[in-house]
Amino acid sequence: MKKKVYFGTNLKMYKGNGETVNYLAELSRLANQIESPFDVELFVIPSYTSLKDAVNVIEQDNKPLVIRIGAQNMNSHDNGQFTGDISPLMLKELGVKLVMIGHSERRHVFRETDSEENQKVLSALKHGFTTLLCIGETLEQKNYGISDEVLRTQLKIGLHNVEKQQLSHLWIAYEPVWAIGVNGIPASSQYANEKHQVIKQCLFELFGEDSSKIPTLYGGSVNPDNANDLILQPNIDGLFTGRSAWQADNFVRLISQALRAKQEAV
Ligand code: PEP
């Protein structure tokens with residue numbers, strides 16, 4: 001079986017519907033020109049208001065490399081008195097295949113807790129979504145030397161009661177909070193690899209051999225200068241990119257060069 005390499009982006013609150021549709025059309029056209037011995041999994045997570053058209057543009061595109069469309073968040077309940085929120089059933093109705101849970105901005109701006117993320121993870125998996133759980137330590141936690149404990153806590157609570165047969169739908173993104181966004185300092189590839197190892201070890205403790213089904217992606221100021229080193233790390237299965245991916249041609253260039261580096265290293 002070909003090794004899968006994951007590349008994805010979260011568009012946060014930056015692109016409206018029209019921009020998202022144009023971006024996806026160009027991304028799909030360019031990404032489908034990539035030649036690589038690896039099996040590439042490409043995903044894009046637009047804002048809620050773009051999801052319907054995003055799904056449609058990809059479905060109509062009918063290209064071999066299908067971009068998976070994800071939602072940035074969801075409520076854990078199917079329906080109810082949750083004004084302003086979006087339910088898993090609403091996402092399913094649109095043909096959304098992936099849901100991101102616990103992005104650092106959800107945790108730190110919107111104060112979501114590990115147990116809330118757990119409720120969302122369980123609901124997303126129950127509804128058959130590919131579920132991307134984001135975890136990562138803050139700078140303060142890193143400075144206290146408790147990064148490993150934080151990651152293990154986020155995994156153990158966030159994945160509480162997840163069953164082994166659901167693991168083929170589970171992805172993890174390691175995104176250190178201090179590495180994300182305009183003020184972020186990218187993690188060194190060595191540091192990122194060490195933390196991915198901690199994550200994989202914890203997943204093994206939780207799920208045994210079946211944990212090898214769970215890809216672990218790195219995110220946080222991934223850019224053309226560090227992408228190759230990051231993707232070459234043995235514990236990193238993919239790159240989750242923000243700013244460097246928001247122009248389709250730049251994103252495809254980053255993906256192509258990372259895949260080339262990986263191919264040369266085999
Ligand atoms: C993110 O917000 O998840 C992210 C990885 O952003 P950036 O690459 O811009 O740091």
Side-chain angles (χ1 to χ4, degrees), residues 6-14 43-45 47 70 72-73 99-118 120-121 131-159 170-203 214-247 250-251 254-255 258:
Y6 297 74
F7 295 94
T9 186
N10 161 24
L11 301 181
K12 304 196 182 186
M13 203 176 70
Y14 283 110
F43 62 97
V44 173
I45 307 183
S47 62
Q72 296 180 9
N73 182 28
V99 177
M100 173 169 65
I101 305 292
H103 184 272
S104 103
E105 287 151 19
R106 297 304 314 173
R107 291 175 185 267
H108 299 288
V109 181
F110 296 96
R111 300 271 158 218
E112 290 182 8
T113 63
D114 282 322
S115 54
E116 282 170 319
E117 310 309 6
N118 178 237
K120 294 182 190 195
V121 165
T131 304
L132 174 62
L133 175 66
C134 301
I135 59 171
E137 80 281 12
T138 62
L139 185 60
E140 192 186 22
Q141 291 163 334
K142 178 173 181 272
N143 290 341
Y144 278 124
I146 58 168
S147 304
D148 295 3
E149 288 88 335
V150 171
L151 296 177
R152 293 170 64 82
T153 301
Q154 290 176 340
L155 286 172
K156 286 192 169 182
I157 301 178
L159 301 178
L170 179 66
W171 301 354
I172 302 292
Y174 168 55
E175 300 206 291
V177 180
W178 46 271
I180 295 178
V182 275
N183 298 317
I185 307 150
S188 70
S189 51
Q190 191 198 347
Y191 184 89
N193 189 52
E194 279 167 22
K195 297 306 152 208
H196 276 256
Q197 195 173 3
V198 170
I199 291 166
K200 286 195 187 285
Q201 173 60 35
C202 181
L203 293 171
I214 309 168
T216 57
L217 284 62
Y218 171 78
S221 295
V222 173
N223 62 56
D225 295 329
N226 62 14
N228 294 13
D229 271 355
L230 285 162
I231 203 65
L232 289 179
Q233 300 306 311
N235 295 308
I236 298 181
D237 303 310
L239 301 177
F240 191 27
T241 308
R243 290 155 296 152
S244 296
W246 294 343
Q247 259 182 246
N250 289 348
F251 192 20
L254 184 150
I255 295 170

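Keep in mind it's a predicted model, so treat the numbers as computed, not measured.
Under the rule for a side chain to side chain contact (heavy atoms under 4.5 Å, CB included), the partners of I157 that lie at least two apart in sequence or sit in another chain are D114, S115, T153. Annotation: side chain to side chain contact (heavy atoms under 4.5 Å, CB included) contacts of R152 (sequence neighbours excluded): K156, V198, C202, E205. Applying the side chain to side chain contact (heavy atoms under 4.5 Å, CB included) test to Q247 and every residue at least two apart in sequence or in another chain returns D249, N250. Applying the salt bridge (charged side-chain N to carboxylate O under 4.0 Å, His left out) criterion to R243, with sequence neighbours excluded, gives no partner residue. For Y14, the side chain to side chain contact (heavy atoms under 4.5 Å, CB included) partners at least two apart in sequence or on another chain are K12, W246.
Within the 4.5 Å cutoff, the side chain of E194 has heavy atoms near those of the Q190 side chain. A heavy-atom distance below 4.5 Å is not found between the side chains of E137 and I146. In this structure, the side chains of K142 and P176 stay at 4.5 Å or more apart for every pair of heavy atoms. Annotation: side chain of S244 is not in contact with side chain of V222 (no heavy-atom distance under 4.5 Å).
R107 places a side-chain N or O within 3.5 Å of a backbone atom of C134 that can act as its donor or acceptor partner. Remark: the backbone N or O of W171 is not paired with any side-chain donor or acceptor of Y6 at under 3.5 angstrom. For Q154 (side chain) and G136 (main-chain N/O), a donor-acceptor pair under 3.5 Å exists by modelled atom type. S221 places no side-chain N or O within donor-acceptor distance of the main-chain N or O of I185, the cut-off being under 3.5 Å.
Counting all heavy atoms, side chain and backbone alike, I231 lies closest to A258 at CG2-O, 3.6 Å. Heavy atoms only, all atoms of each residue included: S104 and I180 are closest at OG-CD1, 3.6 Å. The nearest pair of heavy atoms linking I214 to L170 is CG2-O, 3.4 Å. Heavy atoms only, all atoms of each residue included: Y218 and A187 are closest at OH-N, 3.2 Å. Heavy atoms only, all atoms of each residue included: N226 and P186 are closest at ND2-CB, 3.4 Å. G158 approaches N118 most closely through the heavy-atom pair O-ND2, 3.0 Å.
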Please tabulate, for side-chain N and O atoms in residues 232-241, each donor-acceptor pair with protein atoms closer than 3.5 Å (sequence neighbours left out).
unit_1 : atom_1 : unit_2 : atom_2 : d
Q233   : NE2    : D229   : O      : 2.9
N235   : ND2    : N193   : OD1    : 3.2
D237   : OD2    : K200   : NZ     : 2.7
D237   : OD2    : T216   : N      : 2.8
D237   : OD2    : T216   : OG1    : 3.3

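Between N10 atom CG and E175 atom CD the span is 7.5 Å, to the nearest 0.5 Å. Within the model, atoms CG of L254 and CG of N223 stand 7.5 Å from one another, a figure rounded to the nearest 0.5 Å. For the atom pair M100 CE and F43 CZ, the distance stands at 8.5 Å (nearest 0.5 Å).
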Handout entry: Step-by-step side-chain contact (heavy atoms from CB on, under 4.5 Å) determination, I101 to L133
Key = CA-CA 5 Å; I101 305 292; L133 175 66; 4.2 Å; yes

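Salt-bridge check for K120 with E112: passed, with a basic side-chain N closer than 4.0 Å to an acidic carboxylate O.
Results of the side-chain contact (heavy atoms from CB on, under 4.5 Å) test with I45 over N73, V99, L132 single out L132 as the only residue that passes.
Using the six-membered ring where Trp is involved, Y191 and Y174 have ring planes that are tilted, between 30° and 60° apart.
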